[in-house]
Amino acid sequence: MKVEAVRGMTDILPEEAVLWQYVEAEIREAVAIYGYREIRTPIVERAELFARGVGETTDIVHKEMYVFPDKKGQMLALRPEATASVVRAYIEHGLYAKGGVAKLYYLGPMFRYEKPQKGRKRQFHQYGVEALGSLDPALDAEVIDLAWYIMERLGLRREGLFLRLNSIGCPEDRPRFREALREYFLPHREELCPDCKRRLEENPLRILDCKVPTCREVAAGAPRSLDHLCSGCREHFERLLGYLDALGLAHELDPKLVRGLDYYTRTVFELASRDLGAQDALLGGGRYDGLAEALGGPPTPGVGFAGGLERLILVLGEREPPDKCFRLITGPTVYLLPVGEGEVTEALRILAQLRRAGIPADMDYAGRSLRKRLQVASQLGARYALFFGEEERARGAAKVRDLGTGHEEYVPLGELVSYLRGRSRRR
RNA sequence: AGGAGCGUAGCUCAACGGCAGAGCACCGCGCUGUGGACGCGGUGGUUGCGGGUUCGAGUCCCGUCGCUCCUCCCA
């Protein structure tokens with residue numbers, strides 16, 4: 001029996017990896033310009049971190065998380081998202097002691113046990129930013145601006161995207177809003193789907209983003225979180241809207257946007273593509289002012305977002321790959337063709353010499369015919385073929401063939417590097 | 001988790017229940033030391049896996065695994 005990859009865990013082959021490298025490089029550059037620095041946290045965490053951080057009742061934790069005991073019986077989890085980890089690390093290493101706002105970003109694999117489909121794998125990749133230590137709505141605006149900026153850098157048209165925005169209030173508003181929702185939905189209990197009946201008890205907010213038609217009908221008339229904000233939250237939201245207008249960032253207020261994680265407070269948003277079907281969200285985020293405290297740290301407000309690489313690449317894949325992609329493809333400049341088996345030793349020496357001089361060079365190890373090797377050389381996009389055989393050994397030189405013009409000349413071994421370098425530059 | 005469709009060569013796909021094929025790719029030769037074109041030839045398969053029906057199964061039936069799409073959830 002052939003061993004195959006685990007379900008929902010896919011290989012990214014070299015051809016596609018080029019596009020990944022490009023997208024990742026753009027993201028890293030964009031967030032760096034905004035002042036965010038990378039943080040790398042472990043993929044494995046205590047399961048408790050996500051139960052407390054993301055929320056026990058969320059689908060992500062109670063249905064989709066990879067949980068397993070280690071050899072000592074400690075319950076561990078593959079991270080389903082990274083915000084909880086970043087905040088954990090922020091607390092653990094006392095980053096708050098530095099004062100100011102900690103601006104952090106991450107990029108890496110996440111894991112959720114779901115039925116795989118297009119743009120959704122069990123191991124998938126997210127990038128995200130977290131800004132910790134400020135309640136200023138200007139920071140919310142910056143984070144949203146950064147989200148748009150990343151899309152711009154990747155060449156996604158603004159018209160193809162839209163920002164969904166809402167405020168779900170602070171922990172003081174939440175119980176009141178929850179009660180209002182419960183009061184509203186209770187008479188309609190029998191019209192709700194089984195999931196929502198459960199949500200009615202556990203977390204009535206989540207009924208709002210249920211996609212079952214009957215639930216949607218009922219939810220259409222539900223109270224809005226925006227109408228239940230305290231004065232502080234209302235002011236925060238209004239100032240954010242003002243900043244977004246000043247930045248020229250379009251947004252659509254969506255009272256049904258509540259997001260799937262419990263830690264969100266106040267601002268929540270999603271940047272979505274109009275060209276994607278049901279799974280249209282390219283990134284999502286918001287404010288999480290209570291998370292640090294919930295994880296045992298000092299009360300620290302935070303705001304951030306996370307985006308999916310797979311989905312981004314899906315959207316980008318429908319367009320022509322930008323030139324920047326091809327800059328990352330490295331083929332050999334020089335392809336070496338030892339003629340006769342006795343010349344392999346010298347060929348290896350020449351290869352090592354060229355490579356140490358920074359000239360990409362390669363040769364065939366598959367035992368192919370000379371003709372075939374020459375063919376491969378041009379397929380790989382090499383500029384020169386370099387023959388070394390009996391004739392060349394006698395001359396202490398290599399025969400260099402320009403694969404563009406067909407011009408050939410003998411170059412003494414000692415001058416190879418300078419010869420090839422000079423040529424490459426002039427071109 | 002529920003629903004639908006599909007699994008045949010590395011890839012894209014053919015084959016009425018009756019000898020498993022084509023194109024591309026790969027390798028060789030034409031050219032014993034010279035590329036992109038062309039021509040000729042060749043390698044490559046437990047038809048996803050396991051059962052069943054049948055004289056005979058890639059084809060029909062059951063199961064299983066995987067993929068795709070939808071619902072759901074989300075990134």
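Lettering follows sequence order; numbering is per chain, from 1.
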Going by modelled atom types, is there a donor-acceptor pair between the base of B:C74 and the side chain of A:Arg259 at under 3.5 Å? no

Classify the side chain of A:Arg112 and the base of B:A75 as holding, or not holding, a donor-acceptor pair under 3.5 Å. yes

Can you check each nucleotide of nucleotides 34-42 of chain B against protein heavy atoms at under 4.0 Å and return B for base, S for sugar-phosphate only, - for none, in 5' to 3' order? BBB------

Pick the nucleotide of RNA chain B nearest each of A:Lys63 and A:Lys115; which residue has the one closer to the 5' end? A:Lys115

Has A:Lys121 got a side-chain N or O lying under 4.0 Å from the OP1 or OP2 atom of B:C67? no

Can you tell me if the side-chain N/O atoms of A:Ser369 get under 4.0 Å from OP1 or OP2 in B:C27? no

When the [atom1] atoms of [M] and [N] are compared, how many Å lie between them, rounded to an integer?
N	M	atom1	answer
B:U71	B:C55	C1'	47 Å
B:A57	B:U8	C1'	13 Å
B:C6	B:G58	C1'	14 Å
B:C70	B:U53	P	40 Å
B:C11	B:A25	P	15 Å

As a test of reading the structure: which of B:C26, B:G33, B:A75 is closest to the side chain of A:Arg368, going by heavy atoms? B:C26

Where RNA chain B forms runs of at least three Watson-Crick or G-U pairs (i with j, i+1 with j-1, under 3.5 Å), the stems are B:1-7 with B:65-71, B:10-13 with B:21-24, B:26-30 with B:38-42, B:48-52 with B:60-64

Please determine which of A:Lys256, A:Arg311, A:Arg259 meets the salt bridge (Lys or Arg N to Asp or Glu O under 4.0 Å) test together with A:Glu270. A:Arg259

Looking at every strand, decide which applies to A:Glu390 at a 4.0 Å heavy-atom threshold: base, sugar-phosphate, or nothing. base

Once you apply a heavy-atom cut-off of 4.0 Å, does A:Leu261 come out as touching a base, just sugar-phosphate, or nothing? sugar-phosphate

Charged N-O contact under 4.0 Å between A:Arg153 and A:Glu26: yes

